[in-house]
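The next block holds one structure in the form of C-alpha cells; read it before the comments.
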Amino acid sequence: MNLLNWLESRKLIYQKTNESNLSDQLEKKQICAYLGADLTASSLHIGHLLPLRILKILSEHGCKSIFLFGRGTTMIGDPSLRTKERPMLSQEEIYQNMNNIKPQVDKLIKNVIYEDNANWLLNTNLIDFLREVGSKFSVNQMVNLETFKNRIENNNPLSFLEFSYPILQSYDFYHLNKNHGCNLQIGGSDQWGNIINGVHFIKKMTSKETYGITLPLLLKGGKKMGKSVGGAIWLDEKQTSVFDFWQFWRNLPDSDVEDYLLKFTDIPHEEIKDMVKNSINDAKKKIADYLTSWVHGEEKTKNAKEKSISIFENKNMNSLDEFKLDDKQFSNSEIKLTKLLVEIGLSDSASDAKRKIKNNSITVNSELIEKQDAVISKNDFDSEIIVGHGKKKKIKVVLAK
RNA sequence: GGAGGAAUGGUCGAGUGGUUAAAGGCAGCAGGCUGUAAACCUGCCGACGGUGUCGUCUACGUAGGUUCGAAUCCUACUUCCUCCA
C-alpha cells in the first residue's frame with residue numbers, strides 16, 4: 001500500500017488536491033511538506049496533534065518537513081470559519097508564544113525545519129506586495145470562499161485586515177516553495193480555502209504544481225471537540241498536568257475510541273476493532289499511553305498511568321497528589337473549607353467553591369460536605385485529609401512542617 | 001448622498017420603563033445510574049465576597065442624556081442589512 005492510501009485508510013485525510021500526482025511524488029519522496037501554526041496561545045493544544053502527526057509521518061517517510069510559526073500572520077488573525085474578529089495580540093506576546101511552543105514541537109517531531117513568516121511578512125513594501133501578489137488574487141473568487149461564508153452570510157463585520165489573510169498564507173507557501181522547494185501544505189479542515197489559494201497562487205507565479213491536504217476534525221462524542229472555554233487540553237504540563245492529560249484520553253467516549261486509535265496509532269485496524277469490542281477500557285488506556293508518551297515521554301506516562309490505576313482501580317489514596325498547607329492559612333486553628341479549596345487549586349475563587357459545595361460535589365475524607373461555611377480545624381490534620389471534587393479529582397492535604 | 005431596520009451573556013435567541021443578573025435552546029460543570037464510557041434523570045451555570053436565601057461590582061454595540069428607576073425612551077457615533085439616488 002502506498003503512503004497516501006495508507007493515510008486514507010487511517011482516515012487521516014479529509015480533502016486533497018490532485019490525488020494521483022501527489023501520490024506519485026510521495027512515493028518518489030519528492031515532497032517537502034509544511035504545517036503552519038498560529039501563535040495565539042502560549043502552548044499547543046490537543047487540536048494540533050493530528051496535523052503534527054501527519055507531518056511526523058511524512059518526515060519519517062523521508063520527506064522534508066517544515067514547521068512554520070505564524071508570527072507575522074498572527075498579527076492579522078486567521079478569520080477562517082470564525083464569526084468574530086479575534087482579539088489582537090501584541091508583538092511581544094506573539095514572540096513569547098513562539099518561544100514556548102518551539103520546544104513542544106521539538107519533542108514531537110525530529111528533523112523538522114523551522115521557519116517564521118515574520119521574517120518575510122513584516123518587512124514587505126505595501127505597494128510592491130500589492131503589485132506582485134495582490135494582483136494575482138480575484139476578489140470575486142475570494143468572497144465565495146467557505147472561509148468567509150459564515151461572516152458574509154451572517155452579516156458579521158469582516159475587515160480588510162482579515163480578508164487579506166488567505167493572501168498572506170498563500171504568500172507563505174510561495175515563499176517556502178521558492179526557498180525550500182516546499183510543495184505540500186497540510187492543515188486542519190478549516191484551512192482548505194487558504195491552502196487551495198496558495199496552490200493556485202504558486203501555479204500563477206511559477207507554473208509549478210503544488211499540493212494540499214486537510215485533516216478531518218477530531219470529534220468528541222460525535223460533536224466537534226471544542227477547544228474553547230473549560231475544555232482546552234494543553235500540551236504544556238504546567239497548564240494541563242500529565243496526569244490530567246492521560247485522564248483526558250482515558251475518559252474518551254466509547255464511540256470515539258476506534259477512530260482515535262486509527263488516527264493516532266499504527267495498530268492494525270482489525271486489532272483495534274477487536275480491542276474496542278472486547279476490552280474498551282484497555283483500548284482507552286492504549287490511546288492514553290500512546291498520546292501521552294508522544295507528548296510527555298515514556299517515563300511521565302508510566303507514572304500517570306500507574307497513578308490512575310492506583311487511584312481509580314485500586315482505590316489507593318496514597319497515590320494522590322499531596323498539598324502541603326501552610327500554617328499561616330489558619331486563623332484560630334481553623335480554616336474555612338472554601339478557602340482551602342482555593343488554596344489547593346480545586347476552585348478558582350471562594351464563590352466558585354461555594355457553588356461546588358452547593359452542587360454536592362465536594363467531599364472531605366469521602367464525606368459529602370453540605371454546608372458552605374464548613375470549617376476544617378487543625379486537629380483534623382492529625383493525619384492527612386483528602387479533599388475531593390467530583391469523583392475524579394482528589395487531593396491529599398497535609399500540614400507543612 | 002437619502003429613507004427605514006438591526007446590534008442582548010461562551011453561542012443561538014426572548015425581552016420595549018420598575019418583582020430583570022435578564023425566558024428558552026446549545027455548549028460547559030457537578031450529582032445519580034454505570035465501566036473513570038454513552039444514553040437518561042437532577043442540580044449549577046456574569047464576577048467577587050468569612051456565608052447571607054444576603055452584599056458589592058460588572059453587563060444588553062460605543063459615548064452621553066431623560067427619569068425616583070433604562071436592555072427597554074432621547075442624542076451622537078460605530079458596524080451590518082434593506083430600499084431609493
Side-chain angles (χ1 to χ4, degrees), chain A residues 81-87 148 150-163 219-233 243-261 275-289 292 304-317 319-320 329-332 334-343 346-363 366-377 387-394:
Chain A
L81 274 32
R82 290 199 146 232
T83 54
K84 283 183 183 168
E85 231 174 274
R86 296 177 186 243
F148 298 126
N150 189 304
R151 290 288 188 89
I152 291 173
E153 282 179 3
N154 293 308
N155 306 322
N156 287 324
L158 173 67
S159 65
F160 186 74
L161 175 80
E162 298 176 282
F163 189 68
L219 297 177
K220 191 179 180 190
K223 292 172 191 150
K224 262 192 213 176
M225 188 158 68
K227 52 191 176 185
S228 54
V229 209
I233 306 292
F243 177 76
D244 288 339
F245 189 86
W246 195 89
Q247 278 292 319
F248 175 81
W249 303 106
R250 171 64 183 85
N251 284 313
L252 281 180
D254 288 9
S255 53
D256 298 332
V257 177
E258 179 177 340
D259 189 52
Y260 278 56
L261 281 167
M275 228 192 306
V276 168
K277 195 175 163 197
N278 297 315
S279 52
I280 183 74
N281 282 317
D282 290 334
K284 290 185 193 181
K285 286 181 196 169
K286 200 80 165 183
I287 185 74
D289 282 348
T292 313
K305 185 182 187 178
E306 279 171 4
K307 191 166 143 190
S308 291
I309 290 175
S310 175
I311 292 169
F312 292 108
E313 295 180 23
N314 303 329
K315 314 287 181 202
N316 181 356
M317 297 309 159
S319 314
L320 292 173
Q329 302 296 343
F330 290 88
S331 63
N332 294 328
E334 289 183 336
I335 182 169
K336 292 173 58 59
L337 181 60
T338 47
K339 186 177 178 184
L340 181 65
L341 285 168
V342 175
E343 278 304 311
L346 284 184
S347 297
D348 297 330
S349 69
S351 299
D352 182 48
K354 283 193 293 186
R355 243 172 266 131
K356 282 174 172 147
I357 293 172
K358 196 176 165 196
N359 274 331
N360 288 336
S361 64
I362 298 296
T363 57
S366 302
E367 273 183 44
L368 185 66
I369 302 297
E370 288 172 327
K371 290 197 301 189
Q372 295 188 349
D373 56 351
V375 166
I376 310 287
S377 86
V387 182
H389 170 225
K391 49 190 168 184
K392 290 183 188 168
K393 283 176 219 150
K394 290 184 166 57

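Everything quoted here is computed from the prediction, not taken from an experiment. Just so it is clear: chains get the letters A, B, ... in the order the sequence lines come, proteins before strands, and each one is counted from 1. Just so you know, these numbers use all the heavy atoms, side chains as well, and skip hydrogens, waters and symmetry mates.
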Using the [atom1] atoms only, state how far [M] lies from [N], rounded to an integer number of Å.
N	M	atom1	result
B/rC41	B/rC33	C1'	9 Å
B/rG65	B/rA70	C1'	12 Å
B/rC68	B/rG15	P	29 Å
B/rC45	B/rG24	P	12 Å
B/rU82	B/rU8	C1'	22 Å
B/rA7	B/rA14	P	9 Å
B/rU75	B/rC12	P	29 Å

So [X], base contact, sugar-phosphate only, or nothing? Heavy-atom distance under 4.0 Å.
X	answer
A/N360	sugar-phosphate
A/I280	base
A/K339	nothing
A/S349	sugar-phosphate

Can you tell me the distance, in whole Å, between the [atom1] atom of [X] and the [atom2] atom of [N]?
X	N	atom1	atom2	value
A/Q329	B/rG50	CD	C1'	14 Å
A/L337	B/rG50	CG	P	13 Å
A/I357	B/rU51	CD1	C1'	10 Å
A/K286	B/rA37	NZ	C1'	19 Å
A/L341	B/rC29	CG	P	19 Å
A/W249	B/rG35	CH2	P	25 Å
A/I233	B/rG28	CD1	C1'	13 Å
A/K393	B/rG31	NZ	C1'	14 Å

Exercise. Would you say the side-chain atoms of A/K354 pair up with the backbone N or O of A/T338, donor to acceptor, closer than 3.5 Å?
Worked result: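 No, because the side chain of A/K354 does not come within donor-acceptor range (under 3.5 Å) of the backbone of A/T338.
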
How long is the span from the [atom1] atom in [X] to the [atom2] atom in [Y], to the nearest 0.5 Å?
X	Y	atom1	atom2	result
A/I357	A/L337	CD1	CG	4.5 Å
A/S308	A/N314	OG	CG	11.0 Å
A/I369	A/T363	CD1	OG1	7.5 Å

For this session: Determine, for nucleotides 41-46 of chain B in 5'-to-3' order, which nucleotides have protein heavy atoms under 4.0 Å from the base (write B), from only the sugar-phosphate (write S), or from neither (write -).
Result: --BSS-

Problem set entry | Closest heavy-atom pair and its distance - A/L346, A/G388 |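 Of all heavy-atom pairs spanning A/L346 and A/G388, the closest is CD1-C, 4.3 Å.
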
Exercise. Would you call A/K356 and A/D352 a salt bridge, taking side-chain N to carboxylate O under 4.0 Å as the test?
Worked result: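 A/D352 and A/K356: salt-bridged.
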
Nearest to the side chain of [X], heavy atoms from C-beta on, is which of [options]?
X	options	answer
A/Q372	B/rA30, B/rU51, B/rG35	B/rU51
A/A350	B/rG31, B/rC48, B/rG50	B/rG50
A/S361	B/rG50, B/rG32, B/rA30	B/rA30
A/K391	B/rG32, B/rC48, B/rG35	B/rG32
A/K392	B/rC48, B/rA30, B/rA37	B/rA37

Exercise. Taking only residues two or more places apart in sequence or in another chain, which ones pass side-chain contact (heavy atoms from CB on, under 4.5 Å) with A/K358?
Worked result: A/Q372

Problem set entry | Quiz item: A/K354 side-chain donor-acceptor pair to B/rG49 base, under 3.5 Å |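 Such a pair is found, so the answer is yes.
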
Exercise. Which range-with-range stems can be found for RNA chain B when each stem has 3 or more Watson-Crick or G-U pairs in a row and both distances sit under 3.5 Å?
Worked result: B:1-7 with B:78-84, B:10-12 with B:24-26, B:28-32 with B:40-44, B:46-49 with B:54-57, B:61-65 with B:73-77

Problem set entry | Other residues, nucleotides, ligands: >12 heavy atoms within 6.0 Å of A/E367 CD | no

